[in-house]
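Following: one structure in structure tokens, then a few remarks.
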Protein chains: 2
Amino acid sequence: MCNDYNLVTNINFEYLLIAWLVNLMRPSFDELKKELNMRNINLSYQRLKVLEYLTQNQCHPTVDHIFTDLHKDIPTLSKTTVYNTLRILVEVGLVRVVTIEDNETRYDIITENHGHFKCESCGTIYNFSMDIDSLTSEDLDNFKIKDKDVYFKGLCPKCLSKYK
Amino acid sequence: MCNDYNLVTNINFEYLLIAWLVNLMRPSFDELKKELNMRNINLSYQRLKVLEYLTQNQCHPTVDHIFTDLHKDIPTLSKTTVYNTLRILVEVGLVRVVTIEDNETRYDIITENHGHFKCESCGTIYNFSMDIDSLTSEDLDNFKIKDKDVYFKGLCPKCLSKYK
DNA sequence: TACTAAGTTGTAATCATTACACATTAATTA
DNA sequence: TAATTAATGTGTAATGATTACAACTTAGTA
Ligand SMILES: [Mn+2]
Ligand SMILES: [Mn+2]
Ligand SMILES: [Zn+2]
Ligand SMILES: [Zn+2]
């Protein structure tokens with residue numbers, strides 16, 4: 001459905017190495033299943049397929065992307081089930097919501113902190129590394145911060161090269 | 001409709017001073033009108049009222065907030081007009097969109113860079129100062145960045161004190 | 001097997017936003 | 001000024017994402 005290499009925007013050894021390391025540190029599919037088990041969440045066939053889809057399509061798919069693609073293999077699948085499954089996965093913290101633009105909720109299996117860049121021309125959402133954990137503001141001294149999101153918008157290299 | 005002092009979350013001299021300076025630097029209502037004139041955008045009564053509302057209610061109102069409040073004074077106002085006006089104001093850069101949560105597009109007359117914090121308990125969206133312009137990532141060397149948004153979520157001091 | 005709870009499905013309801021046709025107002029020209 | 005044209009506003013219908021809900025199916029248990 002999409003290529004999943006958008007973390008690696010500059011193709012060189014350094015970035016390939018980082019991408020490889022990041023992937024190594026990510027929980028495996030089996031570990032995700034174990035995590036769900038620990039929280040007493042039954043992994044039905046439909047839920048498994050949604051989780052599998054997210055691990056294989058890390059391009060921040062919408063509900064419609066997930067449903068449309070899975071529906072080809074599982075003709076009985078209901079969109080409601082996709083919604084329900086995603087809600088559960090978000091609740092237990094295995095999936096994060098990306099709301100970089102209104103009217104298109106997207107889902108991300110990578111919950112480790114990273115930034116998101118949306119290209120205004122082609123619509124692709126790129127990941128980028130950033131030490132978001134260390135972002136802070138004096139104004140928020142008395143606030144309890146639970147989530148931090150960094151969203152950039154503009155033009156990606158592919159689209160920039162088109163207009164030269 | 002809302003108090004507009006949420007930029008100042010720590011009430012002390014330093015922050016009051018910063019808030020005052022920020023306000024001084026902000027374009028005045030007359031300057032906003034001038035800006036629209038320069039761009040050949042006619043400021044009708046309805047558009048003027050929406051702009052005025054945004055300058056007086058800096059709490060990131062939704063379309064519904066704006067419409068409901070203005071409708072009391074202007075019974076003939078149409079919600080479509082509010083939508084149209086906001087689209088124009090965003091296009092010319094006088095207003096920014098805040099999409100910290102899906103299904104509730106909010107509008108902000110303050111276009112200077114600052115972060116947004118949404119309290120998960122009371123729903124209030126607070127501004128906080130942060131040098132967002134200087135945020136960057138090596139991964140984006142070849143990208144053209146046009147917009148940067150920083151969104152935090154958690155609990156605000158008011159709500160935290162309730163649960164003690 | 002009968003019972004129960006969890007999970008899935010399809011449809012209807014909701015809500016924000018957009019599309020569009022028509023009405024009104026402002027600006028321009030004869 | 002009156003007629004014409006363009007810009008703006010209005011109300012309703014259409015769209016699309018999400019949620020609510022009731023019926024159906026499956027898995028587990030006695
Ligand atoms: Mn991501
Ligand atoms: Mn703001
Ligand atoms: Zn692009
Ligand atoms: Zn609060």
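Side chains are part of it too, since the values below use all heavy atoms of this structure and drop only hydrogens, waters and symmetry mates. Each chain gets a letter, A, B and so on, in the order its sequence line appears, and its residues count up from 1.
In this structure, the CD1 atom of A:Ile88 is 13 Å from the P atom of D:dT19, given to the nearest Å. Taking atom CG on B:Leu48 and atom P on D:dT8, their separation rounds to 14 Å, with Å as the unit. We find that OH of B:Tyr83 is positioned 15 Å from P of D:dT10, with the value rounded to whole Å. Counting to the nearest Å, the P atom of D:dT19 and the CZ atom of A:Arg87 are 8 Å from each other. Rounded to whole Å, atom P of C:dT18 lies 14 Å from atom CG of B:Asp64. In this entry the distance linking CD of A:Glu101 with P of C:dA16 reads 19 Å, nearest Å. Residue B:His71 contributes atom NE2, which lies 11 Å from atom C1' of D:dG11 at whole-angstrom precision. Distance NZ (B:Lys49) to P (D:dT10): 14 Å, rounded to an integer number of Å.
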* To do: Indicate for each nucleotide in nucleotides 4-9 of chain C, in 5' to 3' sequence, whether protein heavy atoms under 4.0 Å reach the base (B), only the sugar-phosphate (S), or nothing (-).
  => ---SSB

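One finds no salt bridge joining B:Lys144 and A:Glu120 here, because no Lys/Arg side-chain nitrogen approaches an Asp/Glu carboxylate oxygen to under 4.0 Å.
Using a 30° and 60° split on the angle between ring planes, A:His116 and A:His114 fall in the perpendicular class, above 60°.
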* Please test A:Phe128 against A:Phe152 for ring-ring contact (aromatic ring centres under 6.0 Å, His included), starting from the C-alpha separation and ending with a verdict. => CA-CA 10 Å; A:Phe128 61 85; A:Phe152 287 5; 5.0 Å; yes

* To do: Please test A:Phe143 against B:Tyr126 for ring-ring contact (aromatic ring centres under 6.0 Å, His included), starting from the C-alpha separation and ending with a verdict.
  => CA-CA 10 Å; A:Phe143 289 64; B:Tyr126 295 83; 5.0 Å; yes

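Using a 4.0 Å heavy-atom distance criterion, B:Asp102 is classed as a sugar-phosphate-only contact. Residue A:Thr62 is out of contact with every strand shown, counting any heavy-atom pair closer than 4.0 Å.
Residues B:Thr68 and B:His71 bring no donor and acceptor atom of their side chains to less than 3.5 Å of each other.
In this view, B:Asn113 and B:Arg96, B:Ile132, B:Asp133 satisfy the side-chain contact (heavy atoms from CB on, under 4.5 Å) rule, not counting sequence neighbours.
Residues B:Asp139 and B:Asp141 form no side-chain contact, since every pair of their non-hydrogen atoms from C-beta on lies 4.5 Å or further apart.
Both B:Asn103 and B:Pro75 lie near DNA chain D, and the one whose nearest nucleotide falls closer to the 5' end is B:Pro75.
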